[in-house]
There are 2 protein chains.
Amino acid sequence: MNNHDAVNEILVRLFANILDIEEKCLKIGEFSDLSISEMHVIENIGINRERTMSDTAKDLRITSGTLTTAVDNLIRKGYVERKRSIEDRRVVIIKLTEKGVAAYSAHEDFHKDMVISALQQLDTKEEELLIKILTDIDVFFKQKYDIGYK
Amino acid sequence: MNNHDAVNEILVRLFANILDIEEKCLKIGEFSDLSISEMHVIENIGINRERTMSDTAKDLRITSGTLTTAVDNLIRKGYVERKRSIEDRRVVIIKLTEKGVAAYSAHEDFHKDMVISALQQLDTKEEELLIKILTDIDVFFKQKYDIGYK
DNA sequence: TTAATTTATTTTGATAATCAAATTATATTT
DNA sequence: AAATATAATTTGATTATCAAAATAAATTAA
C-alpha cells in the first residue's frame with residue numbers, strides 16, 4: 001500500500017469514528033434529548049446571537065422547511081426561542097435560551113477536550129504539520145467544490 | 001489563537017462540509033442514483049469480496065434490518081447481488097456487481113483526488129510523519145472513547 | 001434423536017431528517 | 001392598486017434508522 005492509500009484509509013476511518021464519538025458522548029451526557037442535527041442547529045445559532053431562519057438554514061445547508069420543524073422541536077424541548085422581527089414582520093428571529101447556551105457550552109467543551117487529548121501526544125512540529133494538512137484539505141474543498149463557507 | 005483552537009475550528013468546518021461535498025460529487029457524477037449511505041455500503045463490501053450481512057452491518061455500525069433494506073435497494077438498482085451461503089444456509093452473502101465495482105472505483109477516485117491534492121506539498125518523510133500522527137490519533141480515540149473498530 | 005437454544009436474517013412498526021412544492025403573510029416594485 | 005418578490009410554514013413524500021417480533025437454520029443438551 002502506498003502513502004496515499006494509507007492516508008486515505010485512515011482519514012476515512014477517523015472521520016467515521018469522530019462522528020460516532022460525538023453522537024455517543026451526546027447520548028450519555030446531560031443533553032441526551034438532543035440529536036446531532038439539533039446540536040448543529042444550536043451550534044449555528046450560537047451564543048449572544050439573534051439569527052433569522054433563512055440565514056441559519058443557508059449556513060446549515062438545509063431547507064427552511066427542515067429548519068422550521070427542527071426549531072419547533074428545539075422550542076418544545078426548551079433550547080431555543082422564536083420571535084417575529086419588528087422591522088420586517090416576515091422574518092423570524094431565533095436565539096438560544098439559557099438551557100440552549102448550556103448545551104452549546106457543553107458541546108464546545110467536548111470538542112475542546114477531544115482535540116486537546118488528541119494533540120497531547122504530538123510534539124510541536126507534529127502539531128504544526130497536522131494543522132498544515134488539515135488546512136490544505138479545507139482549502140482544497142473550498143476551491144474545488146465551491147462550497148459556501150461562512 | 002493557539003494550536004488547539006486552530007485544529008478544533010478547522011475540524012468542525014471540515015466535518016460540517018465533508019459529507020455535503022461527498023454527496024454533491026455523487027449527485028453530479030455517473031452514479032447519481034446512489035445516496036451517501038448506499039455508497040458507504042458499496043465501499044464496505046469492496047472489490048473481489050464476498051461479505052456476510054452481519055459482518056457488513058457490524059462494520060458500518062448499523063443494524064441488520066437497516067442493512068437488509070439498503071441491500072434490497074442496491075440490488076434493485078443493480079449494484080449488489082445476494083446469495084445464500086452453501087456451508088451455512090442462514091448466512092446471506094453479498095457482493096458487488098460489475099456496476100457496483102464501477103461505482104466503487106469512481107468513489108475511490110474522489111477520495112484519492114482529495115488526498116493527493118492534500119499531500120502534494122509534502123515530501124515522503126513528511127508524508128510518513130503524517131501517517132504516524134494520524135495513526136496515533138486513531139489509536140488514541142479507540143482507547144479513550146472505546147469505539148468498536150473492526 | 002428429538003427438544004431447546006442460539007444464530008443470521010428479514011419483516012414490521014415506529015421515528016427523525018430531509019426535500020420540493022403549495023400556501024400564507026408581508027414587503028417591494030411597477 | 002396590482003403584480004411581483006421574499007420569508008416562513010405547511011403538506012406530502014422519501015430515506016435512513018432502530019427495536020422488537022418473526023422466520024429459518026444450525027448447534028447443543030436431554
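Naming convention: chains lettered A, B, ... in sequence-line order (proteins, then strands); numbering from 1 in each chain.
Computed from coordinates, the A/D20 CG to D/dC18 P distance equals 11 Å when rounded to whole Å. Rounded to a whole Å, the CD1 atom of B/I62 is 7 Å from the P atom of D/dC18. D/dT27 atom C1' lies 16 Å from atom CD of B/E87, rounded to whole Å. Remark: C1' of D/dT15 and CG of B/N73 are 9 Å apart, rounded to the nearest angstrom. Note: CD (B/E38) to P (D/dT14) measures 15 Å, nearest angstrom. For the pair A/H40 NE2 and C/dT18 P, the computed distance is 10 Å after rounding to whole Å. Atoms CD1 (A/I86) and C1' (C/dA27) sit 17 Å apart, rounded to a whole Å. Here the C1' atom of nucleotide D/dC18 and the CZ atom of B/R61 are 17 Å apart, to the nearest Å.
Residues meeting the side-chain contact (heavy atoms from CB on, under 4.5 Å) test with A/T63, sequence neighbours left out: A/T66. Among residues two or more places apart in sequence or in another chain, the side-chain contact (heavy atoms from CB on, under 4.5 Å) test is passed with B/T68 by B/M53, B/D72, B/R82.
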Could you tabulate the donor-acceptor pairs under 3.5 Å formed by side-chain atoms of residues 103-110 of chain B, not counting sequence neighbours?
from   : atom 1 : to     : atom 2 : distance (Å)
B/S105 : OG     : B/V101 : O      : 2.9
B/H107 : NE2    : B/E22  : OE2    : 2.9
B/H107 : NE2    : B/H111 : NE2    : 3.2

I would like to know whether B/T56 and B/D59 meet side chain to side chain donor-acceptor pair (under 3.5 Å); could you show each step before the answer?
CA-CA 5 Å; B/T56 308; B/D59 266 14; over 6 Å; no
Between the protein and nucleotides 20-26 of chain C, which nitrogen or oxygen pairs are less than 3.5 angstrom apart?
none

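Within the hydrophobic cluster formed by Ile, Leu, Val, Met, Phe, Trp and Tyr side chains joined at under 4.5 Å, directly or through other members, A/I86 stands alone, with no partner residue. Members clustered with B/I28: none, using a 4.5 Å side-chain heavy-atom cutoff among hydrophobic residues. Alongside A/I93, the hydrophobic cluster contains A/V91 (criterion: ILVMFWY side chains under 4.5 Å).
Side chain of B/K27 to main chain of B/L34: a donor-acceptor pair is present (N/O by atom type, distance under 3.5 Å, no hydrogens or angles).
A/S37 comes within 4.0 angstrom of sugar-phosphate atoms only, judged by non-hydrogen atoms across all strands, and of no base.
Where B/T69 and B/T52 meet DNA chain C, the nucleotide closest to each residue was compared, and B/T52 sits on the side nearer the 5' end.
Residue pairs meeting the salt bridge (charged side-chain N to carboxylate O under 4.0 Å, His left out) criterion with at least one member in residues 87-97 of chain B, sequence neighbours excluded: B/D88-B/R90.
Within a heavy-atom distance below 4.0 Å of DNA chain D, the residues of residues 26-36 of chain B found are B/S35.
Of the candidates C/dT10, D/dT9, C/dA8, the closest approach to any side-chain atom of B/V91 belongs to C/dA8. In the set C/dT18, D/dT9, C/dT10, the nucleotide with an atom closest to the side chain of A/S64 is D/dT9.
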